[in-house]
Number of protein chains: 4
Amino acid sequence: MAKEDRKKREKENRKQTILKSALYSFAKHGYHKCSMDLIAEEAELGKATLYYYFKNKDELLLEVLKTGLELFFENMTKAWESLEDTREKIEAISITAGEFFAEHPDYFRLYLYLSTHPKLNKITSESLRPLVQNKNKVFIQLFKKAVKEKLVKPIPPQNLVNVLGTLIMGVGMFGHYKRKSDIKKRMKLINEIFFNGVLLDKKK
Amino acid sequence: MAKEDRKKREKENRKQTILKSALYSFAKHGYHKCSMDLIAEEAELGKATLYYYFKNKDELLLEVLKTGLELFFENMTKAWESLEDTREKIEAISITAGEFFAEHPDYFRLYLYLSTHPKLNKITSESLRPLVQNKNKVFIQLFKKAVKEKLVKPIPPQNLVNVLGTLIMGVGMFGHYKRKSDIKKRMKLINEIFFNGVLLDKKK
Amino acid sequence: MAKEDRKKREKENRKQTILKSALYSFAKHGYHKCSMDLIAEEAELGKATLYYYFKNKDELLLEVLKTGLELFFENMTKAWESLEDTREKIEAISITAGEFFAEHPDYFRLYLYLSTHPKLNKITSESLRPLVQNKNKVFIQLFKKAVKEKLVKPIPPQNLVNVLGTLIMGVGMFGHYKRKSDIKKRMKLINEIFFNGVLLDKKK
Amino acid sequence: MAKEDRKKREKENRKQTILKSALYSFAKHGYHKCSMDLIAEEAELGKATLYYYFKNKDELLLEVLKTGLELFFENMTKAWESLEDTREKIEAISITAGEFFAEHPDYFRLYLYLSTHPKLNKITSESLRPLVQNKNKVFIQLFKKAVKEKLVKPIPPQNLVNVLGTLIMGVGMFGHYKRKSDIKKRMKLINEIFFNGVLLDKKK
DNA sequence: GATGAATGAGGTTTCATTCAT
DNA sequence: TATGAATGAAACCTCATTCAT
């Protein structure tokens, strides 16, 4: 029946509304200073409704993060679709990340915040591990390939992933960029340094 | 009088005890999940005693952070004392940071945590700005010199500071290092990549 | 819907219950020695429930006072409805006040208590000023009329209001009246003295 | 020995300092919002010192009040010394009170505040009762005499005392007088009304 | 005599969560 | 399905008082 379909759609919409409000509020006030009341108000829903859709605050947080990660990885996949060259693919990582951060700064900040929280980090990283681990493997494969192709030095791929990841994160943490183009510029610099280092080649 | 001196010393000691307990507890539980009771228990003092030494929780946090930053900058200064060469000085930054992080992981984590919190970041960064700004200037001078000496490419010094800072932070965020030597190795890698990039020189 | 109406009524009732308990407890123990726990217990509600209905203790106090003032002014208005004569109207002031005080001694005492507190007086009098000011104007008009009608001596109306007000307040402060009729008698005496003074006319 | 005398004097001085600081602080912040710390700071003494001179906060309050009352009654006695006429004596009450209030507004306010506090009133009024009762008797005698002399109407003397007392208190409660002369004017009005009432004699 | 340091007891407020409807 | 109302638990903070010196 069409009626049931609509109901399902509506329910899904409602869930999305909550996730969006939660993301916004978490990012604005910080997870711990953000009450369920605040989210409910932002979502223009009753507070108890949040509990109808999500078991508790922690789970709501997790779902928010999962949504963000999935979105990011989707973007990543899309960006890679048209690329074959290993170096271009590696460069695409920070470029895509930069775009994602420009478009959804809240996800980024929230993710960082939780990464640094001793207790929450455990909970979230455990829950999101499958998702992250999965993508991590892909990144590692990419760097393995890069090493094999003699594109990059024989550094353990996991280290390379971590270093590049760190550099990207840093763009999000430090910068308070006014324009989106600023983020892109910064990402280009990151890539430049990552590949070539900062030394001025004197031989030339 | 010697008596008064001893009293002063004892008071200072007590303050240090509290700061230490606070640091430990903040880092263990995260600032928001760490109650004043917890800190008091850790310090084996009455809760009200904390308030005798520090105006409130926020101020206690600030003092903890300030202590940490000062300690780090002291280490930095000491490390630089015996160095003249620009590149060596730059390398010393991550090395020192690595040692500091190995020795005092709690400071590092707490600092990161606060950096990513939307509200707390404002408060703390404003209060600690003078301290940080001061050191930042020194770092910028160093990179300016590096550019002038044609050691590194003509990249804006502030960007270089940020990128290097980010890389160092990342070591703290990502790694769960078992041995202290692991951190040092990682810091060496950071320096290596920062200076030379990851590209394998094919000309050879 | 009737259902919604009932809910609204119930909520209003609950609020009234709290206000009543608060008034009783404030008056019994004094605002500062009266904890929110005490009020909650008196109202047979959880302490947090008080905060559901009132933002904080100060606001609860204000609402209590506002309720009292409004009730008093309503009584005043009713008492005046059937009166035309200026003197009768003036006399009605203390009579009504006396009745109000007999019926609701707590309001009176609480109001007095706050009037004399240096800090609270500022807060409350500012919040209640519109209400009080409004009625004050009416009283002043009445005395202006009395002066114009040559009923009373040409004393500035505001002074007359203050003196009469003071006399009435005093009945509340001093007296510990056993019977309600005692208050009424006292109010009659107040009126008598206010109008005629205490001098025995010797000419007669 | 002179040395012991000096010590005694110093001790007495110290006590006076504390009483003065306590009065000032109580009046400024209100008894309940005035911590012992505040008083100690105002007195430029250690907090524990207060407890050396006074058993506890309540007793300190009592002593403050007692000092004030005694001072007021002294003034009263002095004012009456040169007066014989009953009416003049009665008029001297409010005049003296006005002067006292102008000179020591803090005593007045503090006294009023406590009079209206349900718990404190009991404690203080019990402790100060002998002092007050004593003077009350004198006032009653005065009014008895006034009645007997056919100066005033045959109203029960206690009532007269209360009404006059009330009128005087009211001057303190209501008014926020800029100049001392304003208080004196107001006291004259009080006397005028008290003796003659507000009615305009139409027979003339 | 004088006091700095310490604290237990108790206050206000917040908030995640539940429950009846 | 949706929610207003209720609350226990726990957080931050204050303060009168004591005690060792």
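Note that this is a predicted model, so its numbers are computed, not measured. Because only heavy atoms are used, hydrogens play no part in the values below, and waters and symmetry mates are left out as well, while side chains stay in. Within every chain, numbering begins at 1; the chains are lettered A, B, ... in the order of the sequence lines, protein sequences first and strands thereafter.
Here the nucleotide nearest the side chain of D:Tyr51, chosen from E:dT17, E:dT3, F:dT18, is F:dT18. Checked against F:dG8, F:dT3, E:dT3, the side chain of D:Ala48 finds its nearest nucleotide in E:dT3. Of the candidate nucleotides F:dC12, E:dG1, F:dT17, E:dG1 has the atom nearest to the side chain of D:Lys11. Side-chain proximity of B:Lys57 to the nucleotides F:dC13, E:dT12, F:dT17 is greatest for F:dC13. Here the side chain of B:Lys47 is nearest to one of F:dT17, F:dC13, E:dT12, namely F:dC13.
A:Asn56 comes within 4.0 angstrom of the backbone, heavy atoms only, and of no base. As judged by a 4.0 angstrom heavy-atom cut-off over every strand, B:Ser35 is placed among residues touching the sugar-phosphate backbone only. Using a 4.0 Å heavy-atom distance criterion, B:Tyr53 is classed as a sugar-phosphate-only contact.
In this model, the phosphate group of F:dA2 is approached by a side-chain N or O of A:Arg14 to a distance below 4.0 Å at OP1 or OP2. Using a 4.0 Å cut-off, some side-chain N or O of D:Tyr52 falls inside it from OP1 or OP2 of E:dG1.
The distance from atom OG1 of D:Thr67 to atom NZ of D:Lys15, rounded to the nearest 0.5 Å, is 8.5 Å.
The interatomic distance linking A:Glu59 (CD) with E:dT17 (C1') rounds to 14 Å, in whole Å. Rounded to whole angstrom, the span from the CD atom of D:Glu41 across to the P atom of E:dA2 amounts to 19 Å. Atom-to-atom, CZ of C:Arg9 to P of F:dG4 comes out at 19 Å; the value is rounded to the nearest Å. When the P atom of E:dG8 is taken as reference, atom CD of B:Glu44 falls 13 Å away, rounded to whole Å. When rounded to the nearest whole Å, the span between CD of B:Glu10 and P of E:dA5 equals 10 Å. Rounded to whole angstrom, the span from the NZ atom of B:Lys15 across to the C1' atom of E:dA5 amounts to 14 Å. In this structure, A:Ile39 atom CD1 and F:dA2 atom C1' are separated by 17 Å, rounded to whole Å. Here the C1' atom of nucleotide F:dA16 and the NE2 atom of C:His32 are 16 Å apart, to the nearest Å.
At a threshold of 4.0 Å, the pair B:Arg14-B:Glu10 does not count as salt-bridged, since none of the basic side-chain nitrogens sits closer than that to a carboxylate oxygen.
For D:His29 against C:His117, the heavy-atom pair with the smallest separation is O-CE1, 3.5 Å.
Remark: E:dT18 base-pairs with F:dA5; criterion is Watson-Crick or G-U wobble with both hydrogen-bond distances under 3.5 Å.
When the nearest nucleotides of DNA chain F are assigned to C:Lys8 and B:Cys34 by heavy-atom distance, the more 5′-ward of the two goes with C:Lys8.
Under a cutoff of 6.0 Å and an axis angle of 45°, D:Lys57 and D:Phe26 do not form a cation-pi pair.
D:Asn121 contributes a side-chain N or O that, together with a main-chain N or O of D:Ser115, makes up a donor-acceptor pair within less than 3.5 Å.
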